[in-house]
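Data block below; observations after.
Note: hydrogens, waters and symmetry copies are ignored here, and every other heavy atom, side chains too, is used.
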Amino acid sequence: MKALQNDPGMAAGLVRMHFHDAFVRGADGSVLIDSTSNNTAEKDAPPNNPSLRGFEIIDAAKARLENKCKGIVSCADILAFAARDSVLYSMGLPYAVPSGRRDGRVSLASEAMSNLPPPSFNLTQLTQAFNGKGLSQEEMITLSGAHTIGRSHCSSFSNRLYNFNSTVSQDPSLDPTYAEQLKKQCPNGSTNASVVVPMDPDTPTKFDSNYYKLILANRGLFTSDQTLISTPQTKKQVQVNAYVPLYFQSKFRDAFVKMGMIGVLTGNQGEIRINCRVINS
């Protein structure tokens, strides 16, 4: 909470970190492991570097816990709790998360590349990626709602502005006024990694259902956002999420808890890492 009061935008960072952890080898804290001279870890794969942030918050929580009860609380659990607290901070929704995850001992950049759905995915690809982790299409649409507090580097959507396909340079499913605004923020060919764009410009740090209203207005930032209304069935879910916020909140909570249980290590599997960045020797 202290970290989020200093930087409310960090809530999105921790929610995303938990998602990126859960989708690669399950929620086992593998995203927290640093690369070594002979291994490039998940956190240094292109989907995670330079965009993942908040590692120092997990380190600080771990140090406090190790001081009080050595070797008891896993890094995977700390990340799951930090993500829960981030949803509470930005949405005002308190909920319980099961504990008892153990930490994995393997972290490979190549697995982050093959398991994390990129912003260019369409509805079919997203549905398959989430189905592969035991999540339904509806849960995928609900979890995408976390983008309401997100931000993005230009490279994740610039193809929609400048080189969409061989016929048109600009994505026709993108609201033209919004596209002009984005072009000002992200000039063609710009590789400035310090430029970030809010995914919900209206309420960037408030976890609300405005993300879905933006998609209905053709103002989804990513292809993977706008594609959520590409069938009548999924468009209806987006409309419900947009206009029945309490229903969306309860669906999000349930899907987020379920995501935090993907492929978890329990019992004597894995370990309780002493330092979240390094596997125990």
Side-chain angles (χ1 to χ4, degrees), residues 12-31 42 45-48 51-52 76 79-80 83-84 86-87 91 93 95 97-98 101 104 108-150 152 156-157 173 199-200 207 209 211-212 214-216 220-242 244 247-265:
L14 292 167
V15 166
R16 181 166 178 256
M17 194 191 292
H18 181 43
F19 160 48
H20 281 206
D21 184 32
F23 263 54
V24 186
R25 290 188 170 258
D28 67 342
S30 55
V31 76
E42 287 170 36
N48 289 332
S51 55
L52 268 199
L79 179 50
R84 172 205 61 195
S86 297
V87 175
M91 189 196 274
L93 181 73
Y95 60 97
V97 166
R101 296 167 192 76
L108 303 168
S110 57
E111 292 185 345
M113 290 296 292
S114 56
N115 283 282
L116 296 170
S120 56
F121 263 16
N122 64 29
L123 183 67
T124 308
Q125 294 168 309
L126 287 169
T127 303
Q128 285 174 340
F130 279 71
N131 283 168
K133 305 294 173 188
L135 295 163
S136 69
Q137 183 181 66
E138 184 172 3
E139 286 167 329
M140 179 273 290
I141 293 171
T142 299
L143 289 167
S144 297
H147 281 177
T148 181
I149 53 170
S152 170
S156 296
F157 58 85
S173 71
M199 299 190 71
D200 172 358
F207 204 130
S209 60
Y211 164 80
Y212 297 105
L214 291 169
I215 292 175
L216 294 167
L221 188 58
F222 295 164
T223 297
S224 61
D225 298 318
Q226 202 54 50
T227 191
L228 299 183
I229 57 169
S230 55
T231 72
Q233 182 201 359
T234 58
K235 184 174 184 176
K236 195 175 169 193
Q237 289 177 35
V238 170
Q239 287 167 326
V240 169
N241 287 350
V244 193
Y247 180 54
F248 161 65
Q249 285 191 352
S250 72
K251 283 202 304 182
F252 184 84
R253 177 196 62 209
D254 293 346
F256 202 60
V257 169
K258 185 173 169 183
M259 185 189 80
M261 295 164 72
I262 295 172
V264 294
L265 302 174

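Thr148 pairs by the side chain to side chain donor-acceptor pair (under 3.5 Å) definition with Asp200, Asp208, not counting sequence neighbours. By the side chain to side chain donor-acceptor pair (under 3.5 Å) test, Ser156 is found to be paired with no residue, residues two or more places apart in sequence or in another chain being considered. Remark: Ser136 pairs with Glu139 by the side chain to side chain donor-acceptor pair (under 3.5 Å) rule, at least two apart or across chains. Checked against side chain to side chain donor-acceptor pair (under 3.5 Å), His18 has no partners two or more places apart in sequence or in another chain. Residues meeting the side chain to side chain contact (heavy atoms under 4.5 Å, CB included) test with Ser144, sequence neighbours left out: Met140, Tyr211, Leu228. Applying the side chain to side chain contact (heavy atoms under 4.5 Å, CB included) criterion to Ser250, with sequence neighbours excluded, gives Tyr247, Arg253. Remark: Ser120 pairs with Pro118 by the side chain to side chain contact (heavy atoms under 4.5 Å, CB included) rule, at least two apart or across chains. Residues that satisfy the side chain to side chain contact (heavy atoms under 4.5 Å, CB included) test with Gln249, not counting sequence neighbours, are Met91, Leu93, Leu246. Under the salt bridge (Lys or Arg N to Asp or Glu O under 4.0 Å) criterion, Lys236 pairs with no residue at all, not counting sequence neighbours.
Put simply, the side chain of Arg16 reaches to within 4.5 Å of the side chain of Leu52, judged on heavy atoms. The shortest distance between side-chain heavy atoms of Tyr212 and Gln237 does not fall below 4.5 Å. The side-chain heavy atoms of Gln137 and Leu123, taken from C-beta on, include a pair separated by under 4.5 Å. Residues Val257 and Pro98 meet the side-chain proximity criterion, which asks for heavy atoms closer than 4.5 Å. With a 4.5 Å cut-off on side-chain heavy atoms, Phe157 and Pro119 do not count as touching. Side-chain atoms of Asp225 and Leu214, non-hydrogen and from C-beta on, never get closer than 4.5 Å to each other.
Scanning all heavy atoms of the two residues, the minimum distance from Ile262 to Ala22 falls at CG2-O, 3.6 Å. Considering every non-hydrogen atom in both Pro47 and Ala112, the closest pair reads CG-O, 4.3 Å. Annotation for Ser209 and Ala242: closest pair OG-O, 3.1 Å, computed over non-hydrogen atoms. When all heavy atoms are compared, the tightest approach of Ala27 to Gly260 is CB-O, 3.5 Å.
Atom CG of Leu143 sits about 11.5 Å away from atom CG of Leu126, to the nearest 0.5 Å. Taking CG of Leu265 as the start and CZ of Arg101 as the end, the distance is 11.0 Å to the nearest 0.5 Å. Atom CG of Asn122 and atom CD of Gln128 lie 8.5 Å apart (nearest 0.5 Å). Atom CD1 of Ile141 sits about 12.5 Å away from atom CG of Leu135, to the nearest 0.5 Å. The OG atom of Ser152 sits 6.0 Å away from atom CE of Met199, with the distance rounded to the nearest 0.5 Å.
Checked by atom type, the side-chain pair Thr231/Thr234 shows a donor-acceptor distance below 3.5 Å. Side-chain atoms of Ser173 and Gln226 form no donor-acceptor pair, as typed in the model, at a separation below 3.5 Å.
Among residue pairs with one or both ends in residues 17-28, those qualifying as salt bridge (charged side-chain N to carboxylate O under 4.0 Å, His left out) are Arg25-Glu111; sequence neighbours excluded. Sorted by first then second residue, the salt bridge (charged side-chain N to carboxylate O under 4.0 Å, His left out) pairs that include residues 121-138, not counting sequence neighbours, are Glu138-Lys251. Sorted by first and then second residue, the ring pair (Phe, Tyr, Trp, His ring centres under 6.0 Å) pairs with a member in residues 110-139 read Phe23-Phe130; sequence neighbours excluded.
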Show your reasoning for whether side chain to side chain contact (heavy atoms under 4.5 Å, CB included) applies to Glu42 and Asn48. CA-CA 7 Å; Glu42 287 170 36; Asn48 289 332; 4.2 Å; yes
Between Phe252 and Asn241, does a side chain to side chain contact (heavy atoms under 4.5 Å, CB included) hold up when you go through it step by step? CA-CA 10 Å; Phe252 184 84; Asn241 287 350; over 6 Å; no
Determine, step by step, whether Leu79 and Val31 satisfy the side chain to side chain contact (heavy atoms under 4.5 Å, CB included) criterion, reporting the C-alpha distance in whole Å, the side-chain angles of both residues, the deciding distance to 0.1 Å, and the verdict. CA-CA 10 Å; Leu79 179 50; Val31 76; 3.9 Å; yes
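Ring pair Phe19/Phe256: centre-to-centre distance not below 6.0 Å.
For NZ of Lys235, the number of neighbouring non-hydrogen atoms (other residues, nucleotides, ligands) closer than 6.0 Å is 12 at most.
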